[in-house]
Amino acid sequence: MQNIRSIFIMLAGATVVVAMLLLTFSVTLAVGGILTVLMVGRALSMKMKPAPVRAKANNRKPEMRIWNDGRGTIIDL
């Protein structure tokens with residue numbers, strides 16, 4: 001009788017261990033899938049909306065341009 005009881009306790013323990021392993025594995029897969037979807041979504045959104053590039057002149061001193069188009073003098077600073 002003692003041997004049968006210890007076998008049932010051992011099988012119950014093994015069942016609990018296997019259930020915990022399956023739960024851990026499934027939660028790990030779910031979190032990994034969610035993170036993968038978020039990373040792909042972020043990559044696609046960054047690709048679709050590029051960051052603006054600031055344009056700067058190479059020379060430090062701004063060049064003043066003056067010309068007359070026939071209707072008046074234009075001064076471009």
Side-chain angles (χ1 to χ4, degrees):
M1 193 69 175
Q2 192 72 353
N3 287 338
I4 294 173
R5 187 179 301 159
S6 63
I7 289 174
F8 282 133
I9 291 173
M10 183 181 64
L11 288 176
T15 304
V16 169
V17 168
V18 169
M20 287 300 201
L21 285 173
L22 288 174
L23 178 69
T24 304
F25 183 70
S26 65
V27 169
T28 303
L29 281 180
V31 170
I34 291 170
L35 289 176
T36 301
V37 167
L38 289 176
M39 285 188 340
V40 168
R42 181 179 170 109
L44 289 177
S45 70
M46 294 294 276
K47 185 177 182 181
M48 293 169 65
K49 186 176 64 172
V53 177
R54 301 212 181 264
K56 293 183 179 179
N58 288 338
N59 54 358
R60 293 282 181 193
K61 199 179 343 177
E63 176 184 313
M64 184 179 355
R65 295 180 294 172
I66 302 173
W67 70 93
N68 190 346
D69 65 351
R71 293 180 286 171
T73 303
I74 299 172
I75 302 173
D76 185 12
L77 300 176

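Keep in mind the model is a prediction, meaning the values are calculated, not measured.
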Partner of V40 under side-chain contact (heavy atoms from CB on, under 4.5 Å), chosen from V37, L38, L44 = L44
For the pair F25 and L29, evaluate side chain to side chain contact (heavy atoms under 4.5 Å, CB included) and give the outcome as yes or no after the intermediate values.
-> CA-CA 6 Å; F25 183 70; L29 281 180; 3.4 Å; yes
At what distance, to the nearest 0.5 angstrom, does CD1 of I74 lie from CD1 of I66?
-> 11.0 Å
Under a single-linkage definition using a 4.5 Å side-chain heavy-atom cutoff for Ile, Leu, Val, Met, Phe, Trp and Tyr, are L35 and V27 assigned to the same hydrophobic cluster?
-> yes
Check whether V31 and L23 end up in the same hydrophobic cluster, where Ile, Leu, Val, Met, Phe, Trp and Tyr are linked by side-chain heavy atoms less than 4.5 Å apart.
-> yes
